[in-house]
Each structure stands twice: as C-alpha cells, then as structure tokens.
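So you know, we letter chains A, B, ... as the sequences are listed, proteins then strands, and number each from 1.
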Amino acid sequence: MSRPVQILAALGTGALLSLMVLCNAEMTRNAGPLLGSLTPHATGTVAAGLALAILARRSASERAPVWAYLGGLSGALTVMLSSLAANTALALSGTLALGLVGQAAFGLAADRWGFLGLPRRKPTTQDLLALMLILGGSAILIFGAPA
Amino acid sequence: MIGAIGMAVLAGALIGLSRQVNGRLSLARGALGASFWNHLVGTLALGAAALGLALTGAAPDLAGLAQAPAYAWLGGTLGVVFVASGSWLVARIGATATALLVIAGQMVSGALIDTVRHGAEGAPLRALGVLVILSGVALASKR
C-alpha cells in the first residue's frame, strides 16, 4: 500500500476518533464513566466478533506472545487516568495537551528502540519538524478554544 | 500538580503502548483480530471493575444507559475500526507517524465539529491551528 493511502487512512482514523469520543462522552454523561467505557467495549467486542466471522479467511498460523493479547488493559487504564487528570487543576485542555506530548514521546522511543517486536526507525529532521508543527497547531486549538 | 502532570502524560503514553501491543498482535491475528482481543480484554477488565463496585454497594447507573441517545451506542463499533486501523498503521509507518497523523486527523475534525456546533466564535484561531497542523502533515507526507 502506498504512502499517500496510509497518510489518508491515519487522518481518517483520527476523524473517527473525534466521532467516537462524541458518542462515548454522551454515554458517560448519561450512565457514568465506568459504564461509559464498559458499554463501547462490550458492543465493540460483539461488532468485531461478527466482522471476524464474516470476513476472516486465514486461520492464524503464526503465534503471538501472550502479552500481545493484553493491549485492552492499557486502553481501559487510559480512560481512568485521563478522567482523573481532567478533574485536577490541569482541566481537560491541559490533560489533552499533555496526553499528546505523552503519545509523541512514546512514539519516538518506540521507533528508536523498536519496542515490543515492531521495527526500529530513525526519525529524520523532517519528521521532528512535522512533529513540532502538528503538536504546536494542536496546542493552538486546545488552548485557543473559547471557554 | 506534578502528580497530575505525570498522570496526563502517562495516559498519552498508554495510548501509544496499547497501539504498539495491538500492532504486534495484528502481525499474527490480523488488524481486525487484534481489535477483537483489545475489546474483549477491555470488557472483561471493566466488567470485573463494575462487579467489584456493585459488590461494595456503588452499583453503576444501569438506568442511565436507557437514557442515552441511540447514536451514543455507535461508539463501540467506531472503536473497533479505530483500533484495527491503528494496529494496521503502526506496523507499517511506525509509532511516531501513526500517533502524529491520527492526532492531526482528530484535531482538524474536532475543529470542524466545533465550528458546526458552536459557530464562528473563536473561528480565526481555529483556522490558524488547522493551518499549522496541515503544514505539519504535508511535511510528514513528503518522502
């Protein structure tokens, strides 16, 4: 698959995230943070199971280490940590902005050392400049939002 | 304050960690398979937490579920596509590029949603933020 397709897929994935946050925030407002996270996880399990049953062709031949099945734990913990941080003096905007910094820092480290069995990659000056522009623009959006 | 900052940064790093772990699983199980396991394990963990709370008397608000509008129930299905696509991308373009481009897509679409919902208030600053982000995306796309 060519790079432009991957870039567009990644941007679309981010747009999907905005819609997902909108849905899950509405669920949380009605049913509280725990059910607001449990409900989309449960319906997602059903949806993914159905999709697999319809779409899956190959039988899994390659084995994955047991820890590779535990990504969902980290996801469930993220929801808890960010709601905790959002209720401190950082507020939602500070929590969001620092979360972006955490994501970028983890990404750089993961690529540099090839964390968890994925390939190593060295960032170029161009990559770092792109990083600063995307995080800087995000900061403008986060802190410039009307209260 | 240091504790709160640590929590917020850690929450971001955990998003990356979960994408990296799911990306590794996608090499063996496919992107959709990785998304399935991510949601199943999350359901079991959160279900256990809900059960634990219910046993201590702090039962979650099940009646609130019925009050949520129908579209709120779509979050899980959107999440399946989100996790599958993140796992697929991280194994191909790397953790940094995936994180940055997903952030860019989220921020720009968020600015559009804000403009639709709240109108012109703050629009010039939003336009500037979007412009800076898109220039970063253009730079990241050039090879």
Side-chain angles (χ1 to χ4, degrees), chain A residues 6-7 10-11 13-18 20 23-24 26-27 30-32 34-35 37-38 40-45 47-48 60 62 64 68-69 71-72 74-76 78 81-82 85 88 90 95 98-99 102-103 106-108 110-111 115-118 121 130 133-134 137-138 140-141 144 146, chain B residues 4 7-9 11-18 20-22 24-25 28 35-43 45-46 60-61 64-65 67-68 72 74-80 82 85 93-96 99-102 104-107 109-110 121-122 125 129 132-133 135-136 139-141:
Chain A
Q6 291 166 340
I7 304 257
L11 293 173
T13 301
L16 204 64
L17 182 60
S18 290
M20 183 183 96
C23 294
N24 293 349
E26 189 58 26
M27 193 57 92
N30 282 281
L34 189 57
L35 285 181
S37 183
L38 178 54
H41 272 89
T43 56
T45 304
E62 197 196 331
Y69 288 87
S74 164
T78 306
L81 271 181
S82 40
T88 66
L90 289 178
T95 303
L98 289 169
Q103 286 186 61
F106 181 90
L108 286 171
D111 283 342
F115 283 178
L116 305 172
L118 293 185
R121 290 160 205 273
L133 284 170
I134 292 173
S138 302
I140 295 177
L141 289 180
Chain B
M7 275 196 294
V9 174
L14 283 175
I15 294 175
L17 176 65
S18 129
Q20 195 85 2
V21 171
N22 287 326
R24 174 62 188 87
L25 184 59
S35 187
F36 171 76
W37 281 99
N38 175 83
H39 282 82
L40 181 63
V41 169
T43 303
L46 291 162
D61 180 18
L65 288 180
Q67 282 152 24
L74 281 178
T77 306
L78 295 176
V80 170
F82 174 75
S85 128
I93 62 174
T96 314
L100 288 177
L101 292 169
V102 169
Q106 182 194 3
M107 285 292 158
S109 61
E121 193 193 355
L125 203 56
V132 174
I133 291 175
S135 60
L139 197 60
S141 318

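Within the 4.5 Å cutoff, the side chain of Thr78(A) has no heavy atoms near those of the Ser18(B) side chain. Counting heavy atoms from C-beta outward, Ile133(B) and Leu133(A) have side chains that stay 4.5 Å or more apart.
Legend: residues meeting ring-ring contact (aromatic ring centres under 6.0 Å, His included) with Phe82(B), ordered by chain and number and at least two apart, are absent.
Across Gly44(A) and Val80(B), no two heavy atoms sit closer than the pair O-CG2, 3.2 Å. Across Leu98(A) and Ala8(B), no two heavy atoms sit closer than the pair CB-CB, 3.7 Å.
The structure places CD1 of Ile7(A) at 5.0 Å from CG of Leu101(B), a figure rounded to the nearest 0.5 Å. In this structure, OG on Ser85(B) lies 11.0 Å from CD on Gln6(A), to the nearest 0.5 angstrom.
A donor-acceptor pair is defined here as one N or O able to donate and one able to accept, closer than 3.5 Å; such a pair exists between the side chain of Asp111(A) and the backbone of Thr96(B).
In this structure, chain A has heavy atoms under 4.5 Å from both the backbone and the side chain of Val102(B).
Each of Asn38(B), Leu17(B), Val41(B) was compared with Ser74(A) under the side chain to side chain contact (heavy atoms under 4.5 Å, CB included) criterion, and only Leu17(B) meets it.
Contact tally against chain A (heavy-atom pairs below 4.5 Å) for Gly110(B), Ser135(B), Ala4(B), Ala13(B): the top residue is Ala13(B).
His41(A) and His39(B) have tilted rings, their planes meeting at an angle from 30° to 60° on a 0 to 90° scale.
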